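Each chain gets a letter, A, B and so on, in the order the sequences are listed, and its residues count up from 1. We use all heavy atoms of the structure for the numbers below, so side chains are in, but hydrogens, waters and symmetry mates are not. As the structure is a prediction and not an experimental result, all values here were calculated from the model.
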There are 4 protein chains.
Amino acid sequence: MPRLTPAAEQERRDRIINAALDCFAERGVHATTMQDICRRSGLSPGAVYCWFPGKETIIEAVARQRHQHERELLDTALHAADSRTALHAFFDAYFDWLADPAEQHRRRVSVLVWAESLVDDRLRSIVGDGIAQRTLALDAIRSGQAAGTVTRHADADAITRLALALIQGFILQQAWEPEVDIEGYRRALDLVIDALTPRQAD
Amino acid sequence: MPRLTPAAEQERRDRIINAALDCFAERGVHATTMQDICRRSGLSPGAVYCWFPGKETIIEAVARQRHQHERELLDTALHAADSRTALHAFFDAYFDWLADPAEQHRRRVSVLVWAESLVDDRLRSIVGDGIAQRTLALDAIRSGQAAGTVTRHADADAITRLALALIQGFILQQAWEPEVDIEGYRRALDLVIDALTPRQAD
Amino acid sequence: MPRLTPAAEQERRDRIINAALDCFAERGVHATTMQDICRRSGLSPGAVYCWFPGKETIIEAVARQRHQHERELLDTALHAADSRTALHAFFDAYFDWLADPAEQHRRRVSVLVWAESLVDDRLRSIVGDGIAQRTLALDAIRSGQAAGTVTRHADADAITRLALALIQGFILQQAWEPEVDIEGYRRALDLVIDALTPRQAD
Amino acid sequence: MPRLTPAAEQERRDRIINAALDCFAERGVHATTMQDICRRSGLSPGAVYCWFPGKETIIEAVARQRHQHERELLDTALHAADSRTALHAFFDAYFDWLADPAEQHRRRVSVLVWAESLVDDRLRSIVGDGIAQRTLALDAIRSGQAAGTVTRHADADAITRLALALIQGFILQQAWEPEVDIEGYRRALDLVIDALTPRQAD
DNA sequence: GATGAATGAGACTTCATTCAT
DNA sequence: AATGAATGAAGTCTCATTCAT
């Protein structure tokens with residue numbers, strides 16, 4: 001029983017997480033059995049339980065993986081010079097990602113996780129961490145408001161919520177209708193962003 | 001025990017649906033057992049199965065009930081004279097409803113149903129019917145665009161999607177954080193609506 | 001709540017028995033629910049339980065009804081003058097009955113009852129009563145042997161069993177294959193009867 | 001716990017089939033619960049469901065096992081040189097088997113299966129396969145008729161049916177009365193066989 | 001580290017029977 | 001006598017998890 005290298009360990013874990021992700025995307029979290037995950041990952045139940053203590057933990061790992069890219073996008077965007085640019089850059093990067101066909105099927109799982117998180121405390125804190133990144137944007141919005149590049153007619157908190165809603169709502173609609181016209185949505189989105197980031201003080 | 005009146009039948013069904021709704025809101029759809037629903041409704045398993053052929057059907061009935069009020073709100077709003085008024089009226093009515101504390105707990109179930117609908121065909125068509133009402137608003141938006149009361153810088157379809165996203169995204173955030181500042185969000189929302197419905201032709 | 005006349009009572013009971021018989025013939029005894037019997041008889045569960053204390057009792061009544069005609073056939077046959085005539089008469093009458101298309105579907109229930117009787121004591125005694133009529137024929141066979149009209153090369157008991165087997169086996173085969181050639185079987189049967197009832201002492 | 005050898009697999013299956021057979025013989029097919037089969041086989045429900053997808057399939061396996069020996073007896077008998085010898089050999093072998101006390105209790109299950117097959121399509125085809133072996137004997141009977149070793153006064157088909165009835169009828173009677181005099185029955189049977197297989201052309 | 005047969009609690013559902021009306 | 005909604009014990013089966021090999 002030779003101990004696996006860390007890289008090999010990670011490979012096992014990723015294999016399981018991706019198998020679970022695919023299964024979840026196809027039949028949902030609850031309809032997916034551990035056997036499904038075993039079959040899809042090519043591992044035996046015993047092997048899977050070597051790397052995860054239970055189904056719950058696998059779901060959590062999947063949830064974490066789902067939020068990882070969103071975090072990176074936000075991080076990047078927040079480094080922009082001014083708020084207006086940041087907002088545009090963030091939405092641009094985010095919707096480029098949403099337009100990626102390879103990710104669309106798997107992103108259904110994000111919605112499943114949102115729902116699950118309403119009912120599962122551990123998952124709630126994971127999803128909460130992701131959502132909490134909204135607060136990272138708060139300062140940027142506030143300084144934008146101070147500098148006059150973001151409207152002062154609305155609360156910074158509300159603005160971030162609204163921005164988040166525009167993303168989450170779209171993700172939901174895209175999950176229901178994968179063929180949704182993303183470019184049209186982006187154009188409408190630009191109007192909103194422009195309204196929130198006036199060229200001249202309003 | 002002579003035949004129940006149609007009203008009494010409906011009362012039974014509603015009792016079951018509401019019991020299920022409460023259970024779902026508390027522990028989620030899958031963690032809720034038929035026994036839970038029986039206990040909460042005060043009926044025996046046999047009695048529940050008198051009125052619903054199975055758990056699946058109860059979930060569907062709950063889903064349908066969830067969409068009912070939204071439909072009514074939209075219906076009402078669409079009778080407004082012009083697009084701008086309609087849009088404002090619709091959001092006003094909708095967010096009045098979202099502000100109702102009595103409904104907030106149960107509305108978590110809407111999110112659960114959204115997720116479930118990605119994975120369950122029958123539910124998908126029920127949710128789809130609800131979402132499809134967005135298309136009812138399309139004509140109103142289009143005539144608004146013709147009349148110059150709605151911006152022509154974005155596609156009518158995209159505008160309705162965006163409006164829907166602003167609601168769905170908020171529902172999601174409210175489900176996660178019941179104490180979210182709804183009034184602040186409404187004010188930010190007004191900016192968006194104003195941007196979409198210019199006072200003078202743009 | 002006027003008490004029914006005895007005739008009306010019997011009508012109710014027969015209605016239930018026949019409904020049960022039809023259901024049993026179609027789906028078997030166990031797959032038939034009391035609801036099935038209610039539907040088919042046009043009575044409510046309460047009404048059925050007025051006339052029978054339970055499903056068990058209905059099955060027993062059906063079993064009794066099944067054996068009634070056989071008993072009559074045997075009774076008649078046993079009144080014949082001599083054994084050889086009696087045997088021929090009995091088989092003739094019995095197979096005339098078996099040839100009646102109206103009875104064939106319902107006779108499947110006889111086989112179901114045979115099986116059930118192996119496992120249900122009350123039913124066993126009912127079926128046993130029917131089978132025991134075989135012993136009524138024993139004396140006739142014995143006196144036939146004494147008179148030289150029935151072979152002495154076999155035990156009277158065995159002869160009655162064999163005769164019974166020829167009927168029961170056919171009933172079974174007819175239940176499986178309703179289109180079985182009954183006339184051919186009767187001709188072969190004649191050979192057997194002839195062998196058992198020699199024209200001259202053997 | 002590495003993969004079971006095919007032999008070990010078969011052992012599991014047989015253990016379950018035999019446990020079911022014993023239970024069926026005691027209380028009937030429907031009164032036997034999966035728990036009964038589990039207890040008797042010494043396996044847990046999960047283990048049983050590893051090897052059979054459901055109760056239905058276990059019943060079918062039991063039915064198949066019941067017909068297996070009959071098939072072998074018939075096969076053997078059909079290899080005899082001439083029809084008369086074959087018929088005698090077949091009945092001899094068959095009734096030797098019927099006389100085996102070890103088998104008598106379990107053979108009650110054959111009757112249960114006959115009944116069930118009237119009402120369950122899958123079972124019908126299994127039992128049908130067993131019964132259909134009667135047709136294998138048809139050719140032997142026909143050539144016997146051509147050679148003058150089997151009576152021409154009856155149809156070959158009817159003769160095989162009659163022979164089958166003599167067995168099935170006895171099985172039924174033995175199921176009801178285990179102490180039935182099998183030797184007496186065999187002597188009476190010899191008379192019948194002699195009648196069907198005349199020493200000189202008739 | 002890995003295997004996969006086995007475990008067993010518990011889920012959904014059925015259905016013979018009852019009883020208030 | 002009859003109705004039919006309601007009861008609830010019991011049945012079949014699933015599936016996350018374990019552990020001997």
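- Considering every non-hydrogen atom in both D/Cys38 and D/Ser44, the closest pair reads SG-C, 3.9 Å.
- Side-chain atoms of A/Arg64 and A/Ile17, non-hydrogen and from C-beta on, never get closer than 4.5 Å to each other.
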message = Treating primed atoms plus P, OP1 and OP2 as sugar-phosphate and everything else as base, which nucleotides of nucleotides 7-14 of chain E get B, S or - for protein heavy atoms under 4.0 Å?
response = BB--SSBB
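- As a whole-Å value, the separation of A/Ile58 CD1 from F/dC15 P is 15 Å.
- Considering all non-hydrogen atoms of both residues, D/Arg108 and C/Val119 come closest at NH2-CG2, 4.3 Å.
- Once rounded to the nearest 0.5 Å, the distance linking CG of D/Asp14 with CG of D/Leu21 reads 11.0 Å.
- Ion pairing between a basic and an acidic side chain is recognised when a charged N comes within 4.0 Å of a carboxylate O; D/Arg122 and D/Glu116 show no such pairing.
- Contact between D/Leu123 and D/Asp120 at its shortest, heavy atoms only, is N-OD1, 2.9 Å.
- One interatomic measurement links the two molecules: CG of D/Leu4 to C1' of F/dA20, which rounds to 12 Å at whole-angstrom precision.
- Between D/Leu118 and D/Trp114 the shortest side-chain heavy-atom distance does not fall below 4.5 Å.
- One interatomic measurement links the two molecules: CZ of D/Arg3 to P of E/dA6, which rounds to 11 Å at whole-angstrom precision.
- Using a 4.0 Å cutoff on non-hydrogen atoms, no part of residues 6-14 of chain B comes near DNA chain E.
- Inter-residue side-chain proximity for A/His67 and A/Asp129 is flagged as unmet; no heavy-atom pair is nearer than 4.5 Å.
- Here the shortest heavy-atom pairing between A/Ala63 and A/Val113 reads CB-CG1, 3.7 Å.
- In terms of heavy atoms, D/Ile58 sits closest to D/Met34 at CD1-CE, 3.9 Å.
- Remark: C/Trp51 is in phosphate contact with F/dA2, judged by side-chain N or O atoms under 4.0 Å from OP1 or OP2.
- With rounding to whole Å, C/Arg39 atom CZ is found 14 Å from E/dA16 atom C1'.
- Applying the ring pair (Phe, Tyr, Trp, His ring centres under 6.0 Å) rule to D/His30 yields the partners C/His30; only residues at least two apart in sequence or on another chain are considered.
- Nearest approach of C/Val111 to D/Ala115, heavy atoms of both residues: O-CB, 3.9 Å.
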ask   = Would you write out the dot-bracket form of DNA chain E, 5' to 3', with Watson-Crick and G-U pairs under 3.5 Å, [ ] for crossing pairs, | for pairs to other strands and . for unpaired bases?
value = .||||||||||||||||||||
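- Contacts classified as ring pair (Phe, Tyr, Trp, His ring centres under 6.0 Å) and involving residues 33-63 of chain C (residues at least two apart or in different chains) are not found.
- Non-hydrogen atoms lying under 4.0 Å from DNA chain F are contributed by nothing in residues 18-29 of chain B.
- Rounded to whole angstrom, the span from the CD1 atom of D/Ile59 across to the C1' atom of F/dT12 amounts to 12 Å.
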